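The structure appears right after this line, and notes come after that.
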Amino acid sequence: VQPRVGTPAAEYSTGPASQSQQMIERISALLKRQTADPEKQREIIREELKTAYSNISIQLDRLDRSMIVAGGPEDGEYIQIARLLAGDLAETGTPATAVASTGSVANVRLLREGRADVALVQNDVALLAQLGEDGFARTGPYYELRALASLFPEPLHVVVASDSPIQDVSDLAGKRVEIGQPSSGSRNNALQLLQAVGLSLEDLEAIHETGLEQGLRMLSEGKIDALIATVSAPARRLQEAAVQKKIRFLRLPETLQAALAAASPDLVPIRLPASTYPNQSSPIDTVAVTALLVAPAGLPQRDVDQVLGAMFDRIDFLGAGSAPGSLISRATARVGVTIPMHPAAIRFLDPPPADTANAAPEGERPADPK
């Protein structure tokens, strides 16, 4: 069938079909290029095309939907940080939505299933997820998980009623204990703590898995004897209870801290100074993990730059009332990172030095442009 008069020939067309043909021809030319190692040449082209295809697909998806930032329980700090991040991204032209979850384990699952793009996750949980260990054994290693930045430390809190006779973690035997929601990093740490003092869940009278807010309510009502929570300090819910003199914190002796650190290198000894919480007259010795901002390895550099620009340069966490957010700093962006950093995050945190290729040698004056 002859084209109508006035229809340009295919090779001169500027339509989508012609643009596609031109790209195919350029790739074909690369494949035909003569190099010293043809097999290595083809491997490089395949890998680069694979990466480019993945990045293009993700960015095209972004045209149709918001960036999803996974936080944590409604009563926790993770969701507050996630909402501040999503709000800033939306204001600066990147549609974004923060979603609540039950915690770190659930956030990893959201990332892996493609239902979230960025998430807050404890550093110990991130490492377990990448290696496919403990609770992640069934799904296997998540090798594509990458860290964008370390955010702030999260101490392990062991809380009892102010008038409780419990003085030591080993005293929890035969007691009713809140250990954290099933898909939370807090629960993992509670199990580690109990194991370190020789206790199993069977040694407790009852376990509860409702989270910090509900746990504090049950503690106040006398329905449980203690709660264990991994949360940034000072945590708002704990501050409120401490103001009313309803709670007391247990300290972990040095031997217990050392045992926990030896069993899990992601747990490090930490001391909460006196007055971290209202009516807290002496320091609290405990252990802590680190909150990480994580994402899949395929998150485009533009999105990584937007996210980290918001976290480090634009959001006023202190003004927004986020005490843990106020600790976010470039100076500590790698502290406690347990998984590989995203390449775009490395470039953001360590920008290359200014180009000095055209600089005049030391002691010489640059040539007069005239």
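Below, all heavy atoms of this structure are taken into account, side chains as well, without hydrogens, waters or symmetry copies. Fair warning: this is a prediction, and the values are worked out from it, not measured in the lab.
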Look only at the side chain of [X] and the backbone of [Y], and say whether a donor-acceptor pair between them is shorter than 3.5 Å.
X      : Y      : value
Gln306 : Leu89  : no
Ser150 : Gly336 : no
Asp203 : Ser200 : yes

I'd like to check [X] versus [Y] (side-chain heavy atoms, cut-off strictly below 4.5 Å). Are they in contact?
X      : Y      : result
Val337 : Asn123 : no
Lys245 : Ser162 : no
Thr94  : Arg302 : yes
Gln41  : Ile45  : yes
Ile81  : Val69  : no

* To do: Return each pair, listed once, that meets side-chain hydrogen bond (donor to acceptor under 3.5 Å, both in side chains) where at least one residue sits in residues 317-345; pairs must be two or more places apart or across chains.
  =>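 Every side-chain hydrogen bond (donor to acceptor under 3.5 Å, both in side chains) pair that includes a residue of residues 317-345, provided the two are not neighbours, is Asp313-Arg330, Arg334-Asp350.
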
* **Pairs satisfying side-chain hydrogen bond (donor to acceptor under 3.5 Å, both in side chains), at least one member in residues 210-225, at least two apart** =>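 Output for this query lists Arg176-Asp225, Glu178-Thr210, Gln214-Arg217, Glu221-Lys223.
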
Between [X] and [Y], is there a shared hydrophobic cluster once you connect ILVMFWY residues whose side-chain heavy atoms come closer than 4.5 Å?
X      : Y      : value
Leu151 : Leu111 : yes
Leu191 : Val125 : no
Val108 : Val307 : yes
Val105 : Leu292 : yes
Leu293 : Phe348 : yes

Rounded to the nearest 0.5 Å, what separates atom [atom1] in [X] from atom [atom2] in [Y]?
X      : Y      : atom1 : atom2 : value
Leu250 : Asp168 : CG    : CG    : 7.5 Å
Leu219 : Leu227 : CG    : CG    : 6.0 Å
Thr92  : Arg314 : OG1   : CZ    : 4.5 Å
Leu30  : Glu48  : CG    : CD    : 11.0 Å
Leu299 : Met67  : CG    : CE    : 5.5 Å
Ile79  : Leu84  : CD1   : CG    : 10.0 Å

Set of residues satisfying side-chain hydrogen bond (donor to acceptor under 3.5 Å, both in side chains) with respect to [X], sequence neighbours excluded:
X      : answer
Ser186 : none
Glu39  : Arg42
Ser101 : Asn107
Ser28  : none

Mind listing the closest non-hydrogen atom pair of [X] and [Y] along with its distance?
X      : Y      : value
Ala149 : Phe312 : CB-CZ, 3.7 Å
Thr102 : Pro73  : O-CG, 3.9 Å
Gln181 : Ser184 : O-OG, 2.6 Å
Ser104 : Gln122 : OG-N, 3.0 Å
Ser66  : Asp117 : O-OD2, 3.9 Å
Asp171 : Gln167 : OD2-N, 3.1 Å

Return a table of donor-acceptor pairs under 3.5 angstrom between the side chains of residues 232-244 and protein atoms on other chains or two or more places apart.
residue: Arg236; atom: NE; partner: Glu77; partner atom: OE2; Å: 3.2
residue: Arg236; atom: NH2; partner: Glu77; partner atom: OE1; Å: 3.4
residue: Gln244; atom: OE1; partner: Lys246; partner atom: NZ; Å: 2.9

* Tell me, please, which residues at least two apart from Glu133 pass salt bridge (Lys or Arg N to Asp or Glu O under 4.0 Å). =>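 By the salt bridge (Lys or Arg N to Asp or Glu O under 4.0 Å) rule, Glu133 matches no residue at all.
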
* Residues which pass salt bridge (Lys or Arg N to Asp or Glu O under 4.0 Å) with Asp285, listed by chain and number, not counting sequence neighbours ->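 Applying salt bridge (Lys or Arg N to Asp or Glu O under 4.0 Å) to Asp285 gives Arg251, Arg271.
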
Using atom types as modelled, flag every donor-acceptor pair under 3.5 Å from a side chain in residues 255-267 to any protein atom, sequence neighbours excluded.
residue: Gln257; atom: NE2; partner: Leu252; partner atom: O; Å: 2.9

* Is there a donor in the side chain of Asn189 and an acceptor in the side chain of Asp124, or the other way round, less than 3.5 Å apart? ->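 Yes.
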
* Could you check Phe317 against Met311 for side chain to side chain contact (heavy atoms under 4.5 Å, CB included), going step by step and ending with a plain yes or no? => CA-CA 9 Å; Phe317 288 104; Met311 298 298 288; 4.0 Å; yes

* Asked: Taking it one step at a time, do Leu204 and Leu194 satisfy side chain to side chain contact (heavy atoms under 4.5 Å, CB included)?
  -> CA-CA 10 Å; Leu204 306 179; Leu194 293 172; 4.0 Å; yes

Show which side-chain atoms of residues 140-148 pair as donor or acceptor with protein atoms under 3.5 Å away, not counting sequence neighbours.
residue: Arg146; atom: NH1; partner: Tyr143; partner atom: O; Å: 2.6

* Asked: Does the pair Leu110 and Ile68 meet the rule for a side chain to side chain contact (heavy atoms under 4.5 Å, CB included), with working shown?
  -> CA-CA 10 Å; Leu110 291 174; Ile68 305 301; over 6 Å; no

* Trace of the side chain to side chain contact (heavy atoms under 4.5 Å, CB included) decision for Met341 with Leu349 -> CA-CA 11 Å; Met341 294 284 289; Leu349 295 170; 3.7 Å; yes

Give every donor-acceptor pair under 3.5 Å between a side-chain atom in residues 153-161 and any protein atom, sequence neighbours left out.
residue: Glu154; atom: OE1; partner: Tyr78; partner atom: OH; Å: 2.5
residue: Glu154; atom: OE2; partner: Tyr78; partner atom: OH; Å: 3.3
residue: His157; atom: ND1; partner: Pro155; partner atom: O; Å: 3.1
residue: His157; atom: NE2; partner: Tyr277; partner atom: OH; Å: 2.9

